[in-house]
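Just so it is clear, the structure is predicted and the values come from calculations on it, not from any experiment.
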Amino acid sequence: LGVLFAFVDYMQKFFQPLNELSLKYTVLQNAMTASRRIFSLLDEDDVLPVPATPHRPDEVRGQISFEQVGFAYKEGTPVLHEIDFQVAPGERVALVGATGAGKSTVLKLLTRLYDVSAGRITLDGVDLHDFDPKALRQRVGMVPQDVFLFEGTILDNIRLGKPEVSDADAIAAATRLHLDRLVERFPGGWNEPVRERGRNLSAGEKQLISFARVLAAAPEVLVLDEATSNVDSHTEHLLQEAVHEVMQGRTSIAIAHRLSTVRDVDRILVFQKGRIVEQGSHEQLMAAAGVYADLVKLQEGLVDTG
C-alpha cells in the first residue's frame with residue numbers, strides 16, 4: 001500500500017509542472033492577442049477628419065434626415081440599403097426589427113462612430129461631416145445598452161464629460177429619475193464610491209445613472225440603444241419612467257426589442273435586412289398586419305412557432 005501511494009504521489013508531482021506550463025502558455029496566448037488589439041488601436045489613424053471651418057452651433061433644433069444612406073462594415077457586404085427617413089424636432093421614433101437588421105448601425109452613423117458609405121445624414125440641414133465631432137456629440141446624447149461606469153463617486157459618473165455641472169444640478173437630474181430612492185441605501189449617499197465598471201451596482205442602477213448622465217448634460221437629441229434590457233424587476237418600472245422623462249421635449253431615436261416599451265412613441269420604423277420595410281404608429285402597423293404585427297404577436301406568444 002505504501003509503494004502504491006508513493007507511485008501515485010510521484011506521478012502527480014511529475015505532471016504538475018507540465019500542467020502549470022500549459023496554463024502559463026494559455027495566459028501568454030491571451031496576452032499576445034490583447035497586445036495585438038492594443039497596438040492595432042494605437043496605430044489607427046484618426047477616422048474623423050475635422051473640416052477646415054467646423055460647424056459648432058450654439059443650439060440645435062433636432063431635425064434629423066437620413067438621405068439614401070448606405071453602409072458596409074466590410075467593402076462589398078452592405079448592412080444598410082438606401083435608408084431614407086426624417087425625424088422632426090421633438091419627435092420620438094423607435095427602431096424595431098430582428099437582430100442584425102441594422103438598427104444599432106443607424107445610431108452609430110448618427111453619432112459618427114462610423115461614416116456613411118453612401119448618401120448623407122443631416123442635423124438641422126447641416127451634413128454631419130461639416131460638424132466638429134466634439135460639438136456633434138455634445139448635442140447628441142446616447143444611452144447604450146451596456147453602461148460603462150468609472151471608478152469614482154455616483155456624482156462623478158453622473159457628471160461624466162460635463163465637469164461644469166454642479167452637484168445640485170446633478171442631484172436634481174438624478175432625483176427626477178427617482179435615483180434618490182436607490183441612493184438612500186448607500187452609506188455614502190451621492191458620494192458612494194463606484195467600483196470599476198460599477199461592480200457594486202445592479203444592471204438597473206447602472207442604467208439609471210446613465211439616464212441621469214444624459215439628463216444632466218441636456219442634449220437636444222437623444223439616442224437609446226435598447227436601454228431597458230437586461231435589468232432586474234425591482235428597477236424595471238423606474239427605468240420605464242426614466243425613458244419617458246429623458247425623451248420629453250427631445251428628438252429621440254430608440255432601439256427596442258421589447259415592443260411593449262415603444263407603443264406610445266410618435267412613429268415606429270421597422271427594419272428588415274438593412275432596409276425600412278414599414279413605418280407608422282403602433283395602431284397603424286398592427287392594422288397593416290405586416291412584419292411589425294408578426295413581431296408583436298410572436299413576443300406575446302400568439303403565434304404558433306412550431
Side-chain angles (χ1 to χ4, degrees), residues 36-37 40-41 43-51 55 62-88 91-133 136-137 139-146 221-227 229 251-259 262 265-280 284-285 288 290-296 298-299:
R36 280 198 298 267
R37 292 174 179 173
S40 64
L41 179 61
D43 293 338
E44 191 72 33
D45 294 330
D46 187 2
V47 296
L48 287 180
V50 180
H55 184 60
Q63 182 174 353
I64 300 170
S65 179
F66 278 66
E67 302 173 6
Q68 297 296 305
V69 170
F71 177 74
Y73 290 102
K74 292 183 180 180
E75 188 174 354
T77 311
V79 295
L80 292 180
H81 309 269
E82 299 178 350
I83 300 300
D84 196 286
F85 68 91
Q86 290 75 39
V87 182
E91 186 179 12
R92 300 171 301 162
V93 174
L95 312 182
V96 304
T99 301
K103 306 182 299 297
S104 294
T105 302
V106 169
L107 301 191
K108 292 175 182 177
L109 296 178
L110 180 59
T111 52
R112 284 202 72 192
L113 295 179
Y114 293 92
D115 274 334
V116 298
S117 303
R120 70 171 190 156
I121 305 173
T122 65
L123 177 60
D124 288 352
V126 180
D127 195 307
L128 295 190
H129 290 93
D130 296 329
F131 275 86
D132 174 35
L136 173 66
R137 289 168 182 168
R139 302 299 182 184
V140 180
M142 184 171 187
V143 179
Q145 182 174 353
D146 297 318
V221 179
L222 178 67
V223 291
L224 306 172
D225 188 358
E226 190 49 55
S229 65
T251 302
S252 305
I253 301 179
I255 291 176
H257 293 114
R258 296 181 186 178
L259 303 183
V262 296
V265 298
D266 300 314
R267 187 155 45 106
I268 299 172
L269 305 181
V270 184
F271 280 72
Q272 189 177 60
K273 296 181 179 180
R275 301 180 186 274
I276 298 176
V277 295
E278 294 177 343
Q279 60 177 302
Q284 291 171 337
L285 293 176
V291 176
Y292 178 80
D294 290 341
L295 290 173
V296 172
L298 185 62
Q299 284 199 1

Q) In Å, rounded to the nearest 0.5 Å, how long is the span from CG of Leu113 to CZ of Arg137? A) 5.5 Å
(Q) Using side-chain heavy atoms (C-beta onward) and a distance below 4.5 Å, is Arg139 in contact with Val221? (A) no
Q. Rounded to the nearest 0.5 Å, how far apart are CG of Leu107 and OG1 of Thr111?
A. 7.0 Å
Q.
Once rounded to the nearest 0.5 Å, what's the spacing between atom CG of Leu136 and atom CG of Asp130?
A. 11.0 Å
Q.
Do Glu82 and Arg275 have side chains that approach each other closer than 4.5 Å (heavy atoms only, starting at C-beta)?
A. yes
Tabulate below the donor-acceptor pairs under 3.5 Å that side-chain atoms of residues 64-81 make, not counting sequence neighbours, or state none.
{"residue": "Ser65", "atom": "OG", "partner": "Glu67", "partner atom": "OE2", "Å": "3.3"}
{"residue": "Glu67", "atom": "OE1", "partner": "Arg120", "partner atom": "NE", "Å": "2.9"}
{"residue": "Gln68", "atom": "NE2", "partner": "Asp84", "partner atom": "OD2", "Å": "3.2"}
{"residue": "Tyr73", "atom": "OH", "partner": "Thr105", "partner atom": "OG1", "Å": "2.9"}

Q: State the NE2-CG distance between His55 and Asp127, to the nearest 0.5 angstrom.
A: 11.0 Å
Q: Apply the side-chain contact (heavy atoms from CB on, under 4.5 Å) test between Asp225 and each candidate in Leu95, Ile255, Val143, Ile253; give the one that qualifies.
A: Ile255
Q.
Please determine whether side-chain contact (heavy atoms from CB on, under 4.5 Å) holds for the pair Leu109 and Asp115, giving the CA-CA distance in whole Å, both sets of side-chain angles, and the decisive distance to 0.1 Å.
A. CA-CA 6 Å; Leu109 296 178; Asp115 274 334; 5.9 Å; no
Q) Can you tell if the side chain of Arg112 reaches within under 4.5 Å of the side chain of His129, non-hydrogen atoms only? A) yes
Q. Does any pair with a residue in residues 91-104 pass salt bridge (charged side-chain N to carboxylate O under 4.0 Å, His left out), and if so which ones, sequence neighbours excluded?
A. Glu91-Arg267, Arg92-Asp266
Q: Please step through side-chain contact (heavy atoms from CB on, under 4.5 Å) for the pair Val96 and Leu269, ending with a clear verdict.
A: CA-CA 6 Å; Val96 304; Leu269 305 181; over 6 Å; no
**Q.** Side-chain (Glu278) to main-chain (Val291) donor-acceptor, under 3.5 angstrom
**A.** yes
Q: Would you sort out whether Ile268 and Gln279 count as a side-chain contact (heavy atoms from CB on, under 4.5 Å), showing the intermediate values?
A: CA-CA 5 Å; Ile268 299 172; Gln279 60 177 302; over 6 Å; no
Q. Between CG of Leu123 and OG1 of Thr251, what distance do you get to the nearest 0.5 Å?
A. 8.0 Å
Q.
Under the criterion side-chain contact (heavy atoms from CB on, under 4.5 Å), I'd like the reasoning laid out for Ile121 against Val116: C-alpha separation, chi angles, the key distance, then a yes or no.
A. CA-CA 8 Å; Ile121 305 173; Val116 298; 3.7 Å; yes
**Q.** Non-neighbouring partners of Phe271 that pass ring pair (Phe, Tyr, Trp, His ring centres under 6.0 Å), sequence neighbours left out
**A.** none
